[in-house]
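Chain identifiers are assigned alphabetically (A, B, ...) following the order of the sequence lines, protein sequences preceding nucleic acid strands; residue numbering begins at 1 within each chain. Given the structure is predicted, the values throughout are model-derived calculations rather than measurements.
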There are 2 protein chains.
Amino acid sequence: MSTAGRGLHGQVLDTLGPAITAGDYPPGSVLRTDELAQRFDVSRSVMREAVRVLESMHLVESRRRVGVTVRPRAEWNVYDPQVIRWRLAGADRPHQLRSLTVLRSAIEPIAAGLAARNATSEQCAELTRNALGMVANSRGHKLAEYLVHDVAFHRVVLTASGNEMFARLGDVVAEVLTGRTEHEVMFEDPDPAAVTLHVQVAEAVREGDWRRAEDLTREITVGALQELDILAP
Amino acid sequence: MSTAGRGLHGQVLDTLGPAITAGDYPPGSVLRTDELAQRFDVSRSVMREAVRVLESMHLVESRRRVGVTVRPRAEWNVYDPQVIRWRLAGADRPHQLRSLTVLRSAIEPIAAGLAARNATSEQCAELTRNALGMVANSRGHKLAEYLVHDVAFHRVVLTASGNEMFARLGDVVAEVLTGRTEHEVMFEDPDPAAVTLHVQVAEAVREGDWRRAEDLTREITVGALQELDILAP
DNA sequence: GTGACATATAAGTCTGACTTTTTGTTCCTG
DNA sequence: CAGGAACAAAAAGTCAGACTTATATGTCAC
């Protein structure tokens, strides 16, 4: 699912990335390229490439004569999808999930408002299609099908906003929503009120009522935040 | 200022990164590692490291037998500070500036609201200190001094929000504000109304009035958007 | 036209030697 | 004893060359 086996250095990253983001090597820790290369049984060139990637994510800093030092969390590129995946897979998953949900609550209402102004007719159609898909699968433990439409819905909203920065958060939202049904407890069918809200957002966007689209989406994200508070108060 | 000369591969990136983000190599273009290595007069190992970094930014994709292909803009990691800098330095600077300002208008009000709830007393003090610094330098063409406090102010707000995703946007905001005074036309002294708003935000945060902090900050960001519309309608 | 097979190509990997920067120590001088 | 200059060691950085592997594409038989 992730960037995965894209070459040997990718395999190294699949192990080293999660380890660093999980805090196995606390900030300030010093790693040596040669030692790592030995440990992972790869050549130094491959290990150097892996270090370069970690460096570009601001997870580590490589300095001569001292080695590869782990940077403090505050400096990490927390918007890097790869970093997000690593952190979501690790120990501070709850913390990360909260951060991302707060981010959603800031972004999505504005994005929905912009979508109401900029969405094409095809995007409106896809919006209602997915909203209806959510309704159709909102009862009877069809969580998987529901999720597909939920993710698609939010992705369309973000894309239709016309802002590339918003659009790029589609993957993040997808990750959050998917994680919610997979890892988090979600035995019950989704909240009927939330489903209705999605339908109404689709309406508002289609009608170009940006104010209403914004407010309704705010309700959705507030709901997501409350849901988080209930699960992990 | 940027990641800069951090090694030979960094110098290569300083040229290749801006070139790609500027669209010199349109999406789908195919580059060959060996040719690039020759062109930049570096060894293949160095060029490979550079390619790996570009790959981690989702700017390019490296595949066997075909080469290094430039990915479509929609897939770029537009939140990567390095990518942002490259794009701000390039041709679509206005477009990028608008995207980022819209992003600010979504994030900062929420961040200010959270700051009103979570800010420590030291953060409150720094906030008022910077707000007063803005007032002190708001007249008499002391734009440089004004900018320092403006950047610091917004950085503190984002940090004080307690959300790491928000905090990480401090650099982005700094880049936008700095660029506004440097590249964009900003002969005049800053808008007195905006200065007042900053002072009031500091007040609201100190008093824990999150609603007011949010609304006031929204006014600030709306002002920034309008300013953009005036400059590039 | 379709499928199996061969081939060329460019990335991927490994190794070893060498260079450069930086840190920490040593030792000299005031 | 303080301060600084010279030195040595350590680790990343760089390079060159040989080899491996995947894969797009062309070829040939059917």
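The B:R65 side chain lies nearest to D:dT23 when the options are D:dT23, C:dG24, C:dA11.
Looking at A:R168, its side chain does come within 3.5 Å of a backbone N or O of B:W76 through a donor-acceptor pair. Between the side chain of A:E55 and the backbone N or O of A:S62, at least one donor-acceptor pair lies under 3.5 Å.
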Contacts under 3.5 Å, N or O only, protein and nucleotides 15-17 of chain D:
unit_1, atom_1, unit_2, atom_2, d
D:dC15, OP2, B:S43, N, 3.1
D:dC15, OP2, B:S43, OG, 3.1
D:dG17, N7, B:R44, NH2, 2.9

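Aromatic pair A:H149/A:H198: ring centres not closer than 6.0 Å.
Put simply, OG1 on B:T21 and CD1 on B:I84 are 11.5 Å apart, with the number rounded to the nearest 0.5 Å. Of the inter-residue distances, the one linking B:L169 atom CG with B:S161 atom OG reads 9.5 Å to the nearest 0.5 angstrom.
Taking atom CE on A:M47 and atom C1' on C:dT15, their separation rounds to 16 Å, with Å as the unit. In this structure, B:E35 atom CD and C:dT9 atom P are separated by 16 Å, rounded to whole Å. Computed from coordinates, the A:E61 CD to D:dG13 C1' distance equals 15 Å when rounded to whole Å. Atom pair B:R48:CZ and D:dT14:P shows a separation of 15 Å (rounding to whole Å applied). As rounded to whole Å, 14 Å separates atom C1' of C:dG12 from atom CD of B:E49. In this structure, the NE2 atom of B:H9 is 8 Å from the P atom of D:dT14, given to the nearest Å. Rounding to whole angstrom units, CZ of residue A:R6 and C1' of C:dA10 are separated by 15 Å.
Under 3.5 Å, the side chain of B:R64 and the base of D:dA24 form no donor-acceptor pair of N or O atoms.
For A:R52, a side-chain nitrogen or oxygen approaches OP1 or OP2 of D:dG13 to under 4.0 Å. Between A:R32 and D:dA10 there is no side-chain N or O to OP1 or OP2 distance below 4.0 Å. In this model, the phosphate group of D:dA22 is not approached by any side-chain N or O of B:R63 to a distance below 4.0 Å at OP1 or OP2.
A salt bridge between A:R73 and A:D92 is present, with a side-chain N of the basic residue lying under 4.0 Å from a carboxylate O of the acidic one.
No side-chain donor from either of A:S45 and B:S45 sits under 3.5 Å from a side-chain acceptor of the other.
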